[in-house]
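This report concerns only the one structure given below.
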Amino acid sequence: MARRAAPAAVPPIAPPDPVAAADLGARLLAWYDRDRRDLPWRPRPGETPDPYAVWLSEIMLQQTTVAAVKPYYARFLARWPTVRALAAADDDAVMTEWAGLGYYARARNLLKCARVVAGEHGGRFSTTEEGLRALPGVGAYTAAAIAVICFGRRAVVVDGNVERVMARLFAVEEPMPGAKPSLRAYADSLTPSERCGDYAQAVMDLGATLCTPRSPACGLCPWRPDCRGLREGVAESLPRKVPKAERPTRRAVMFWIQRKDGALLLRQRPAKGLLGGMMELPSSPWEAALMPDPAEAVATAAPLAFHDWHAVPGLVAHTFTHFHLELSVVMARVGANPRVRGVWVPLDRLDEHALPTVMRKVIRHALTKGFRGADNALHPGDRL
DNA sequence: CATGCGTGGTC
DNA sequence: TGACCAAGCAT
């Protein structure tokens with residue numbers, strides 16, 4: 001599939017004329033009506049979409065797969081059926097319910113947005129793209145999606161699927177993100193005024209189910225006869241992207257500190273930045289260096305100082321968007337009432353706290369591999 | 001405007 | 001098996 005040499009300075013092809021665009025739209029909608037996916041947030045034909053439900057789903061679906069979203073969407077909607085209910089929720093409850101879904105700034109903005117809508121807009125979402133765009137966590141894509149799906153306004157919905165479909169349909173060779181304006185212009189040229197909500201979901205569905213990043217199912221595509229990328233044999237290689245920088249590896253020592261009654265010491269991360277507002281085990285700083293000497297890490301970074309640290313064999317590995325993380329774990333038991341910043345959580349109540357996946361991995365590793373005996377007592381200079 | 005921001009699935 | 005990727009947004 002890899003045809004590398006891009007033709008020299010091929011001018012972009014003109015957007016289709018209105019008649020051709022209408023024909024493409026009609027064929028796409030025919031395909032959509034026949035093969036429509038049944039998704040929990042998608043109203044049946046004729047039903048009126050609930051803007052709260054659509055908004056909630058769109059936030060969750062940002063950079064996140066349908067399969068991952070489904071159980072979270074169901075739990076959120078069951079627990080907070082309206083935007084007013086969500087606005088009244090505790091921050092910690094929302095973060096706990098979101099734990100594991102990732103991109104936690106979305107959850108913080110979700111709550112902010114719910115409180116704006118409930119407190120300042122009488123519990124009703126704006127019906128305009130501009131009004132929606134002003135809400136926390138609602139960007140160009142989400143505003144357009146809600147406006148078109150819920151309120152039938154013609155809006156150009158451009159997500160990663162649409163960009164990929166347009167890049168292939170019009171054989172756009174310019175790499176991302178430079179190609180974004182062209183791709184939006186092509187998407188605009190195809191966006192109809194009638195059934196625009198169905199059209200928006202149809203073109204995204206096309207990208208999600210047929211015009212996939214790898215191995216697109218061109219044989220099933222309603223736009224196959226028109227696809228310039230397919231005709232030129234470059235469809236699968238589009239859209240072009242500049243290779244990503246290599247991800248560095250950061251390392252740290254995590255401190256598993258258990259009180260006499262069995263409770264584990266957790267603390268809350270700062271509200272902004274990586275895993276903002278989520279709970280964590282204390283640790284040495286996450287640095288792009290060799291794994292710290294555990295004794296040194298204990299001496300310089302542990303919240304409490306004492307002697308009976310035990311090393312847990314092995315490492316916990318986790319990959320974030322922009323770096324790899326390797327963690328070793330040391331365990332200690334402390335007295336009945338140590339004075340230290342944080343919260344003490346019984347092991348059978350960890351689920352009640354906003355623990356991101358990386359911390360759940362650490363906990364599982366400690367519970368699985370952690371020794372209790374003196375065999376692996378930590379001595380100065382010990383390496384894990 | 002380039003960068004920071006999670007996680008699980010896929011091949 | 002590790003690299004790539006997903007219905008983006010904020011700064």
Side-chain angles (χ1 to χ4, degrees), chain A residues 1 37 39-42 53-73 95 98-110 112-113 132-146 148-149 155-165 175-178 180-181 184 187 197 199-209 211-216 236-237 239-250 269-278 280 286 317-325 354-361:
Chain A
M1 189 89 259
R37 287 194 296 170
L39 300 174
W41 44 84
R42 180 171 289 175
V54 171
W55 163 73
L56 178 62
S57 73
E58 291 296 346
I59 301 298
M60 288 184 165
L61 286 163
Q62 288 167 6
Q63 298 288 279
T64 308
T65 59
V66 165
V69 164
K70 276 181 178 174
Y72 286 85
Y73 175 80
M95 298 310 289
W98 196 277
L101 197 55
Y103 283 136
Y104 298 100
R106 291 184 296 172
R108 302 193 296 272
N109 285 329
L110 187 82
K112 261 191 229 169
C113 182
L132 292 161
R133 179 68 181 78
L135 295 169
V138 177
Y141 161 75
T142 304
I146 297 173
V148 72
I149 292 171
V156 183
V157 173
V158 182
D159 69 343
N161 287 311
V162 175
E163 286 177 341
R164 185 169 59 254
V165 170
M176 300 289 280
K180 279 175 175 288
R184 166 170 290 276
Y199 171 84
Q201 294 176 85
V203 67
M204 288 191 286
D205 264 19
L206 185 68
T209 63
C211 197
T212 49
R214 285 170 296 186
S215 306
E236 189 172 1
S237 68
R240 289 170 50 194
K241 293 179 184 176
V242 295
K244 292 176 285 187
E246 200 168 318
R247 279 188 281 227
T249 299
R250 301 185 193 174
R269 293 176 62 85
K272 299 191 173 197
L274 183 70
L275 306 176
M278 302 294 285
E280 67 173 0
W286 301 4
H318 189 79
T319 298
F320 292 98
T321 307
H322 53 297
F323 66 94
H324 301 289
L325 183 62
L355 288 163
T357 296
V358 59
M359 295 303 155
R360 293 179 185 273
K361 284 187 185 176

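Keep in mind the model is a prediction, meaning the values are calculated, not measured. Numbers restart at 1 for each chain; the letters A, B, ... are given by sequence-line order, proteins then strands.
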query = Expressed in whole Å, how much space separates the P atoms belonging to C/dT11 and B/dG6?
reply = 14 Å
For [X] versus [Y], what's the shortest heavy-atom pair and its separation?
X: A/Leu101; Y: A/Ala68; result: CD1-O, 3.9 Å
X: A/Cys113; Y: A/Leu135; result: SG-CB, 3.7 Å
X: A/Arg250; Y: A/Trp286; result: CD-O, 3.6 Å
X: A/Val138; Y: A/Ala143; result: CG1-N, 3.5 Å
X: A/Arg360; Y: A/Leu355; result: NE-O, 2.9 Å

request  = Starting from the C-alpha separation in whole Å, work towards a yes-or-no answer on side-chain contact (heavy atoms from CB on, under 4.5 Å) for A/Leu325 and A/Phe320.
outcome  = CA-CA 7 Å; A/Leu325 183 62; A/Phe320 292 98; 3.7 Å; yes
5'-most by nearest nucleotide on DNA chain C - A/Arg42 or A/Leu135 = A/Arg42
query = How do A/Asn109 and A/His324 order along DNA chain C: which one's closest nucleotide is nearer the 5' end?
reply = A/His324
Remember a base hit wins even if backbone is also touched, and classify [X] as base, sugar-phosphate or nothing at under 4.0 Å, heavy atoms.
X: A/Ala140; result: sugar-phosphate
X: A/Val138; result: sugar-phosphate
X: A/Ile59; result: nothing
X: A/Leu39; result: base
X: A/Trp98; result: nothing
X: A/Thr357; result: sugar-phosphate
X: A/Thr142; result: sugar-phosphate
X: A/Gly276; result: nothing

Spacing of [X] atom [atom1] relative to [N] atom [atom2], expressed in whole Å:
X: A/Arg184; N: C/dG8; atom1: CZ; atom2: C1'; result: 12 Å
X: A/Trp55; N: C/dG8; atom1: CH2; atom2: P; result: 17 Å
X: A/Tyr104; N: C/dG8; atom1: OH; atom2: P; result: 18 Å
X: A/Leu274; N: C/dA10; atom1: CG; atom2: C1'; result: 15 Å

message = Checking the side chain of A/Arg106 only, and the main-chain atoms of A/Gly137 only, is there a donor and an acceptor separated by less than 3.5 Å?
response = no
query = Is a donor on one side and an acceptor on the other found under 3.5 Å between the side chain of A/Arg108 and the backbone of A/Ala271?
reply = yes
request  = Go through the structure and list residues passing ring pair (Phe, Tyr, Trp, His ring centres under 6.0 Å) with A/Tyr72, not counting sequence neighbours.
outcome  = none
key: Terminal contacting nucleotides, 5' and 3', DNA chain B versus chain A (heavy atom, 4.0 Å)   = B/dG4 to B/dT10
Please write out each protein N/O paired with an N/O of nucleotides 4-6 of chain C under 3.5 Å, distance rounded to 0.1 Å.
from, atom 1, to, atom 2, distance (Å)
C/dA6, OP1, A/Arg164, NH1, 2.7

inquiry  = Which residue in the set A/Glu58, A/Gln62, A/Arg133 passes side-chain hydrogen bond (donor to acceptor under 3.5 Å, both in side chains) when paired with A/Tyr141?
reply    = A/Glu58
